[in-house]
There are 2 protein chains.
Amino acid sequence: MRRRRSRRDKITLIDVARLVGVSSITVSRALRNPDKVSASLREKILKMVEELGYVPDFAARTLASRDSDVIGVVLPTLSNFALMSVMQGIEERIHQTHYRVQYAYTRFLEAAAVSQIRLFLAQNPAGLIVTGLSPSEETGAILRSADCPVLEVLDISEETYSGLRVGIDTREAARVATRHMLERGYRRFAMVGGPDSRSRLRHAGYCDVMQAAGLYDPVLDIVENEATSADLGCRLLRRLLDRVPDIDGAFCHNDDVALGMMFECRRVGLAVPQQFGLCGFNDLDFAAVSAPTLTSVRVPRYDLGVRAADMIIRAIDNPGLEPLSVDVGFTLVERESTLGRSAG
Amino acid sequence: MRRRRSRRDKITLIDVARLVGVSSITVSRALRNPDKVSASLREKILKMVEELGYVPDFAARTLASRDSDVIGVVLPTLSNFALMSVMQGIEERIHQTHYRVQYAYTRFLEAAAVSQIRLFLAQNPAGLIVTGLSPSEETGAILRSADCPVLEVLDISEETYSGLRVGIDTREAARVATRHMLERGYRRFAMVGGPDSRSRLRHAGYCDVMQAAGLYDPVLDIVENEATSADLGCRLLRRLLDRVPDIDGAFCHNDDVALGMMFECRRVGLAVPQQFGLCGFNDLDFAAVSAPTLTSVRVPRYDLGVRAADMIIRAIDNPGLEPLSVDVGFTLVERESTLGRSAG
DNA sequence: CTGTTAGCGCATTCAC
DNA sequence: GTGAATGCGCTAACAG
């Protein structure tokens with residue numbers, strides 16, 4: 001049941017060429033390599049292009065050049081606030097170039113990731129940006145075998161495929177946050193994470209510090225299989241209070257979970273930060289203005305996206321580039337929610 | 001500075017064809033129109049495709065068939081939670097088909113919207129989904145002239161180009177929310193909106209009701225030019241209290257703004273809902289669990305996305321389809337934040 | 001600096 | 001039900 005295009009008089013290179021009185025390849029060059037065409041011709045051509053409203057056919061271009069000008073971005077999901085800012089940064093930077101961004105979603109499924117990456121690679125992308133991949137034999141091998149530069153974004157504390165990477169040391173960020181809570185006097189605080197690879201790293205960082213302090217207790221180490229949400233934070237707090245009566249705080253893998261906990265604390269009459277310390281992750285916009293304000297780990301997500309785009313473009317232009325791992329750093333933003341048990 | 005592909009032995013239809021002992025067109029058919037190939041051949045071909053890991057070349061396919069299997073989605077921005085859910089719904093539905101989704105962002109710029117739409121149309125998309133467009137001569141004309149079905153998503157209270165539409169009556173939603181606040185006894189509540197077209201409609205709905213009640217006051221009718229955020233809500237509340245000392249509530253065009261106001265109310269010692277009524281929009285996940293819980297207008301965003309995808313696919317398959325406008329409806333979810341001046 | 005020739009990988013059209 | 005010829009619109013490689 002395929003529709004028939006009315007094939008309205010599509011304007012092609014040849015139309016432009018004919019009207020200017022040159023060959024089509026010259027028009028092509030005027031558009032793609034302007035410096036290879038004399039100024040006068042170039043001017044005439046561009047004017048005609050403008051006049052006719054000529055728009056290049058990407059498919060034809062890709063087919064002919066074996067080069068698609070597409071930078072593929074593989075994401076685990078659409079509904080992730082942290083990733084959205086990164087994507088915005090990527091878009092912003094790539095928007096200034098002749099490259100185009102194209103997305104694929106894996107829904108956190110390893111198998112989907114593999115097939116999406118394969119699909120991208122089969123279309124000869126100019127470059128590939130991947131996020132949220134767990135290190136695995138299969139993805140690693142595919143990525144290493146890619147014909148185009150591949151950049152991994154977000155975490156740099158684990159090796160996935162040993163190429164270009166930009167992000168933060170997630171595990172260390174978790175260590176810093178955990179240490180902070182210890183310093184503020186909390187002893188029995190939970191760590192709430194998810195099933196994804198970055199959460200795994202946050203758990204690892206939490207364990208590192210808690211075990212060293214002799215305070216690790218598996219009952220506090222929570223892996224949730226659902227997407228982060230304030231609602232989840234609510235439910236979790238109730239569950240935790242039930243199972244661990246002497247709990248005195250939580251380190252959440254996303255601020256929205258912490259937000260939910262904060263609200264639930266209020267409802268059950270638990271004072272934050274005096275009775276319950278709360279630390280989030282991502283420094284979402286409400287963290288700075290909540291009451292109390294929320295301690296969180298800030299990652300320069302937008303800049304990270306711009307940086308990522310920068311790196312992939314550079315790699316595309318310089319095929320011989322060395323593997324490179326860029327750490328954009330994080331900041332623990334200390335706010336009221338972890339002021340400590342003796343807070344005013 | 002273009003890289004040279006190592007042109008690794010890309011597997012083509014011809015490779016598959018040769019190995020099976022048929023012509024390439026038969027392989028093509030086995031893949032695209034399975035019923036036009038005998039069962040036995042089809043089976044052999046598909047097995048070989050699998051074995052070789054053949055992946056079709058979209059560019060070649062598009063060029064040859066003048067049909068790209070791409071459904072273009074034009075969005076104002078990446079960082080909009082409401083749109084995100086809609087996109088998820090779209091992805092979910094289209095994922096089950098042979099179509100692919102491709103995005104373009106306009107950054108709320110009319111000019112960008114026009115050029116993005118032009119760009120899409122020049123690539124022969126199978127269909128186009130647009131959101132957040134203001135009704136304008138130019139976009140309307142382009143959309144009407146498109147060779148493919150075009151679907152407008154989100155609001156159906158205004159005409160933009162008179163084709164397929166699915167969404168809610170935003171203006172009516174604003175009316176319902178405004179009436180609700182009046183019924184609960186609030187008289188001097190602000191309406192906070194943005195510069196986009198849906199916000200404009202919310203303002204209009206608010207005006208409709210407030211003017212009819214003889215309570216409209218322009219000082220309460222606020223158009224903000226920055227993206228919604230909790231932080232904005234905070235600042236706005238302070239500004240409002242300053243300028244309108246007798247203010248008794250706010251209807252915000254997004255829940256995050258209401259959230260910020262809620263926090264700021266707490267800080268300045270204003271009781272919600274007794275002294276200040278608060279109504280949001282979009283029913284984001286925290287609205288149901290905040291303290292107090294937040295009254296909001298719920299729009300079935302995910303389903304809306306699925307529905308949108310459904311509609312565009314149907315329109316693609318049935319070229320002669322009539323213009324159609326589907327109202328998915330909204331719900332005012334009444335919660336604690338508008339319980340009224342005499343609450344609890 | 002410009003043109004000619006050829007072909008990217010696939011699907012349409014018409015044969016058989 | 002299957003195949004042969006042809007061309008989609010553009011650009012690479014070479015020529016001039």
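Quick note on labels: first sequence line is chain A, next is B, and so on, each numbered from 1. Fair warning: this is a prediction, and the values are worked out from it, not measured in the lab.
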**Q** Between B:D69 and B:R32, is there a side-chain N and carboxylate O pair less than 4.0 Å apart?
**A**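 A salt bridge links B:D69 with B:R32.
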
**Q** Measuring to OP1 and OP2 of D:dC8, would you say a side-chain N or O of B:R66 lies under 4.0 angstrom away?
**A**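 Answer is no, no contact under 4.0 Å.
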
**Q** Can you give me the closest heavy-atom contact between B:I71 and B:A126, atom names plus distance?
**A**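 Scanning both residues completely, I find the closest heavy atoms to be CG1-CB, 4.5 Å.
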
**Q** Between A:R18 and A:D15, is the salt bridge (charged side-chain N to carboxylate O under 4.0 Å, His left out) condition met? List the steps.
**A** CA-CA 5 Å; A:R18 203 150 28 204; A:D15 299 323; 3.4 Å; yes

**Q** Starting at atom CZ of A:F58, determine the distance to atom C1' of C:dC8, rounded to an integer number of angstrom.
**A**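 Going from A:F58 (CZ) to C:dC8 (C1'), I get 18 Å.
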
**Q** Checking A:T131 now: which residues fulfil side chain to side chain donor-acceptor pair (under 3.5 Å) with it, not counting sequence neighbours?
**A**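 Result, side chain to side chain donor-acceptor pair (under 3.5 Å) vs A:T131: none returned.
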
**Q** Please report, rounded to the nearest Å, how far the P atom of C:dC10 is from the CD1 atom of B:I11.
**A**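 So the CD1-P distance, B:I11 to C:dC10, works out to 11 Å.
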
**Q** Check nucleotides 14-16 of chain C for protein N or O atoms closer than 3.5 Å to its own N or O atoms and list the pairs.
**A**
none

**Q** Go through D:dG9, D:dT11, D:dC8 for me and flag the one nearest to the A:R32 side chain.
**A**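 Within the option list, the nearest is D:dT11.
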
**Q** Output yes when a side-chain donor or acceptor of B:R100 lies under 3.5 Å from a complementary backbone atom of B:G72, and no otherwise.
**A**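 Between the backbone of B:G72 and the side chain of B:R100 there is no qualifying donor-acceptor contact (under 3.5 Å).
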
**Q** Between B:V37 and B:A64, who's closer to the 5' end of DNA chain D by nearest nucleotide?
**A**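 The residue closer to the strand's 5' end, by nearest nucleotide, is B:V37.
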
**Q** Partners of A:A104 by side-chain contact (heavy atoms from CB on, under 4.5 Å), sequence neighbours excluded?
**A**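 A:Q116, A:F120.
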
**Q** Quick one: ring-ring contact (aromatic ring centres under 6.0 Å, His included) pairs with a partner in residues 36-85 of chain B, sequence neighbours left out?
**A**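 The answer is A:F81-B:F81.
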
**Q** What is the distance from atom CE of A:M311 to atom CD1 of A:I129, rounded to the nearest 0.5 Å?
**A**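 CD1 of A:I129 is found 9.5 Å from CE of A:M311.
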
**Q** Taking DNA chain D as the partner, which of residues 39-57 of chain A come within under 4.0 angstrom of it by heavy atom?
**A**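 Correct list: A:Y54, A:P56, A:D57.
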
**Q** Applying the side chain to side chain contact (heavy atoms under 4.5 Å, CB included) test to A:V74, which of A:I117, A:L143, A:L119, A:T139 qualifies?
**A**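 Output: one option passes, namely A:I117.
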
**Q** Residues two or more places apart in sequence or in another chain: which of them pass side-chain contact (heavy atoms from CB on, under 4.5 Å) with B:K36?
**A**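 Partners of B:K36 under the side-chain contact (heavy atoms from CB on, under 4.5 Å) test: B:R29, B:N33.
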
**Q** I need the residues from residues 16-27 of chain A with at least one non-hydrogen atom less than 4.0 Å from DNA chain C; give them sorted by number, or say none.
**A**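 Of all residues in residues 16-27 of chain A, the ones placing a heavy atom under 4.0 Å from DNA chain C are A:V22, A:S23, A:I25, A:T26.
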
**Q** Take atom CG of B:L63 and atom P of C:dG9, then tell me their distance rounded to the nearest Å.
**A**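 It works out to 12 Å between those atoms.
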
**Q** Distance check: side-chain N/O of B:S28 vs OP1/OP2 of C:dA11, anything under 4.0 Å?
**A**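 So the side chain of B:S28 is within the cut-off, an N or O lying under 4.0 Å from OP1 or OP2 of C:dA11.
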
**Q** Going by side chain to side chain donor-acceptor pair (under 3.5 Å), name the residues that satisfy it together with A:R93, two or more places apart in sequence or in a different chain.
**A**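 Partners of A:R93 by the side chain to side chain donor-acceptor pair (under 3.5 Å) criterion, ordered by chain and then number, come out as A:Q96, A:D310.
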
**Q** Counting only side-chain nitrogens and oxygens, does B:S38 get under 4.0 Å of the OP1 or OP2 atom of D:dT2?
**A**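 Looking at the OP1 and OP2 atoms of D:dT2, one of them is under 4.0 Å from a side-chain N or O of B:S38.
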
**Q** Who are the side chain to side chain donor-acceptor pair (under 3.5 Å) partners of A:Y103, not counting sequence neighbours?
**A**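 Testing A:Y103 for side chain to side chain donor-acceptor pair (under 3.5 Å), a comparison that skips the adjacent residues, returns A:E91.
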
**Q** Please enumerate all residues that pass side chain to side chain donor-acceptor pair (under 3.5 Å) together with A:S197, with sequence neighbours excluded.
**A**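 Checked A:S197 against side chain to side chain donor-acceptor pair (under 3.5 Å); zero matches.
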
**Q** Take atom CG of A:N124 and atom P of D:dA12, then tell me their distance rounded to the nearest Å.
**A**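 Taking CG of A:N124 and P of D:dA12, I get 13 Å after rounding.
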
**Q** In whole angstrom, give the distance that lies between atom NZ of B:K36 and atom C1' of C:dC10.
**A**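 Distance, rounded to whole Å: 16 Å.
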
**Q** Nearest whole angstrom, please: distance from the P of C:dC8 to the CG of B:L13.
**A**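 To the nearest whole Å, that distance equals 13 Å.
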
**Q** Take the protein atom CG of B:N33 and the nucleotide atom C1' of C:dA11, then report the distance between them rounded to whole Å.
**A**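 Value for this atom pair: 10 Å.
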
**Q** What residue pairs, at least two apart or across chains, pass salt bridge (charged side-chain N to carboxylate O under 4.0 Å, His left out) with a residue in residues 103-125 of chain B?
**A**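 Pairs touching residues 103-125 of chain B that pass the test: A:E92-B:R107.
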
**Q** Grab the stems for DNA chain C, please: at least three consecutive Watson-Crick or wobble pairs, both distances below 3.5 Å, written as range with range.
**A**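 Paired runs of 3+ in DNA chain C: C:1-16 with D:1-16.
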
**Q** Could you tell me the separation between the NZ atom of A:K10 and the C1' atom of D:dG9, rounded to a whole number of Å?
**A**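 Answer to the nearest Å: 8 Å.
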
